[in-house]
Participant: 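Below is the structure I would like to discuss, written out as structure tokens.
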Amino acid sequence: MGDHELVNGGVVRPSQNPETNKMITALVVDDNMINQTLHRRLLQNMGIENQAVGNGREAIDVHYSGKVFDLILMDLDMPVMNGIEATRKLREMGIRSTIAGVSSHSSDENIQEFVEAGLDDYHQKPLTFTKLVSILRKINHDS
């Protein structure tokens, strides 16, 4: 069996995280409520437990509280703490989750800085089923 199996007319069920043998969990970090809802529904439709926070500072706080995620979908442009700062801080904290940057309007320079902060993957918004499957494959291969 591959990283994902198609069942029930194309619904993807992600495989278990090979390190933990548990279902994949995700954190959506985005200040835009519409994007949060879209990303959470896409993850839920794939059987991925997830929660959302509104900025990078909240993402850091969730990790300080002891929560651990296999995947973090990180927006770039957010108030309080942007995705670049949050990604850098999470990596400094030793967080090994796959962090995928997702943004709608960023310059090549911003994207490069985002990647250098510790991203594992980057995708332009909107996040689609195909893009998410690509990100999930990275979790299974890079964990």
Side-chain angles (χ1 to χ4, degrees), residues 1-6 10-143:
M1 178 166 69
D3 296 324
H4 304 85
E5 68 179 299
L6 288 174
V11 174
V12 170
R13 298 266 162 86
S15 61
Q16 294 177 326
N17 181 320
E19 285 189 357
T20 63
N21 281 335
K22 293 181 182 174
M23 292 305 290
I24 293 170
T25 58
L27 178 66
V28 175
V29 186
D30 200 311
D31 61 314
N32 182 298
M33 292 303 291
I34 294 170
N35 287 330
Q36 269 190 21
T37 301
L38 291 172
H39 293 168
R40 292 198 70 204
R41 281 195 186 144
L42 190 56
L43 290 161
Q44 286 165 353
N45 287 342
M46 298 178 80
I48 298 171
E49 281 183 41
N50 66 85
Q51 74 178 77
V53 295
N55 62 61
R57 178 79 250 163
E58 292 176 2
I60 305 279
D61 291 344
V62 165
H63 283 85
Y64 274 134
S65 76
K67 289 234 178 178
V68 179
F69 302 91
D70 299 299
L71 171 64
I72 301 169
L73 296 177
M74 182 76 70
D75 186 25
L76 173 59
D77 302 310
M78 295 177 288
V80 184
M81 181 184 284
N82 70 28
I84 294 170
E85 295 172 65
T87 299
R88 191 173 290 126
K89 178 67 176 167
L90 288 167
R91 292 305 189 209
E92 288 170 3
M93 291 167 57
I95 302 301
R96 295 181 57 225
S97 308
T98 297
I99 303 177
V102 286
S103 186
S104 54
H105 50 76
S106 299
S107 69
D108 287 342
E109 188 176 298
N110 280 347
I111 294 169
Q112 184 62 32
E113 188 180 359
F114 206 1
V115 169
E116 289 171 0
L119 285 188
D120 296 293
D121 205 354
Y122 177 84
H123 291 276
Q124 285 287 121
K125 286 181 185 173
L127 188 63
T128 62
F129 175 84
T130 304
K131 290 176 183 177
L132 186 54
V133 168
S134 170
I135 294 167
L136 292 171
R137 285 192 176 123
K138 259 193 145 358
I139 292 172
N140 288 326
H141 292 153
D142 296 347
S143 289

Participant: OG/Ser104 to CG/Leu76 distance, rounded to the nearest 0.5 angstrom?
Facilitator: 9.0 Å
Participant: Within the supplied structure, the quantity of interest is the number of heavy atoms (other residues, nucleotides, ligands) at a distance under 6.0 Å from Gln44 CD; does it exceed 12?
Facilitator: yes
Participant: So which pairs with a foot in residues 24-74 pass ring-ring contact (aromatic ring centres under 6.0 Å, His included), sequence neighbours left out?
Facilitator: His63-Phe69
Participant: Evaluate side-chain contact (heavy atoms from CB on, under 4.5 Å) for Ile24 paired with Glu49, printing each intermediate quantity in order.
Facilitator: CA-CA 7 Å; Ile24 293 170; Glu49 281 183 41; over 6 Å; no
Participant: Find the distance between CG (Asn55) and CG (Asp77) and round it off to the nearest 0.5 Å.
Facilitator: 13.0 Å
Participant: Short question: side chain of Lys89, backbone of Ile84 - any donor-acceptor pair under 3.5 Å?
Facilitator: no
Participant: Name the one of Ile99, Leu43, Leu73, Val53 that satisfies side chain to side chain contact (heavy atoms under 4.5 Å, CB included) with Leu27?
Facilitator: Val53
Participant: Under 3.5 Å, side chain of Glu58 to main-chain N/O of Gly54, donor-acceptor pair present?
Facilitator: yes
Participant: For Gln51 and Lys67: C-alpha separation, side-chain torsions, deciding distance, then whether side-chain hydrogen bond (donor to acceptor under 3.5 Å, both in side chains) applies.
Facilitator: CA-CA 11 Å; Gln51 74 178 77; Lys67 289 234 178 178; 3.0 Å; yes
Participant: Should Asp108 and Glu113 be marked as a side-chain contact (heavy atoms from CB on, under 4.5 Å) after you check the CA-CA gap, both sets of side-chain angles, and the distance that decides it?
Facilitator: CA-CA 9 Å; Asp108 287 342; Glu113 188 180 359; over 6 Å; no
Participant: Does Leu136 reach the side chain of Ile139, with side-chain heavy atoms less than 4.5 Å apart?
Facilitator: yes
Participant: Output yes when a side-chain donor or acceptor of Arg88 lies under 3.5 Å from a complementary backbone atom of Gly118, and no otherwise.
Facilitator: no
Participant: Step by step, work out the side-chain contact (heavy atoms from CB on, under 4.5 Å) result for Thr87 and Leu119.
Facilitator: CA-CA 7 Å; Thr87 299; Leu119 285 188; 4.0 Å; yes
Participant: Any carboxylate oxygen within less than 4.0 angstrom of a Lys/Arg side-chain nitrogen, looking at Asp120 and Arg96?
Facilitator: no
Participant: Leu127 and Leu38: side-chain contact (heavy atoms from CB on, under 4.5 Å), yes or no, with the steps?
Facilitator: CA-CA 8 Å; Leu127 188 63; Leu38 291 172; over 6 Å; no
Participant: Rounded to the nearest 0.5 Å, how far does CZ of Arg40 lie from CD1 of Ile48?
Facilitator: 12.0 Å
Participant: Which heavy-atom pair separates Gly56 from Ala86 by the least distance, and what is that distance?
Facilitator: CA-CB, 3.5 Å
Participant: Would you say Asp61's side chain and Ala59's backbone share a donor-acceptor pair under 3.5 angstrom?
Facilitator: no
Participant: Just grab all the side chain to side chain donor-acceptor pair (under 3.5 Å) pairs involving residues 23-36, residues at least two apart or on different chains.
Facilitator: Thr25-Asp70, Asp30-Lys125
Participant: For Phe114, which residues count as a ring pair (Phe, Tyr, Trp, His ring centres under 6.0 Å) partner, sequence neighbours excluded?
Facilitator: none
Participant: How many angstroms lie between atom CG of Asn110 and atom OG of Ser103, to the nearest 0.5 angstrom?
Facilitator: 8.0 Å
Participant: Rounded to the nearest 0.5 Å, what separation is found between the CD1 atom of Ile135 and the NE2 atom of His123?
Facilitator: 4.0 Å
Participant: Mark yes or no for whether Arg91, through its side chain, and Ile95, through its backbone, hold a donor-acceptor pair below 3.5 Å.
Facilitator: yes
Participant: So how far is it from Asn50 CG to Leu42 CG, rounded to the nearest 0.5 Å?
Facilitator: 9.5 Å
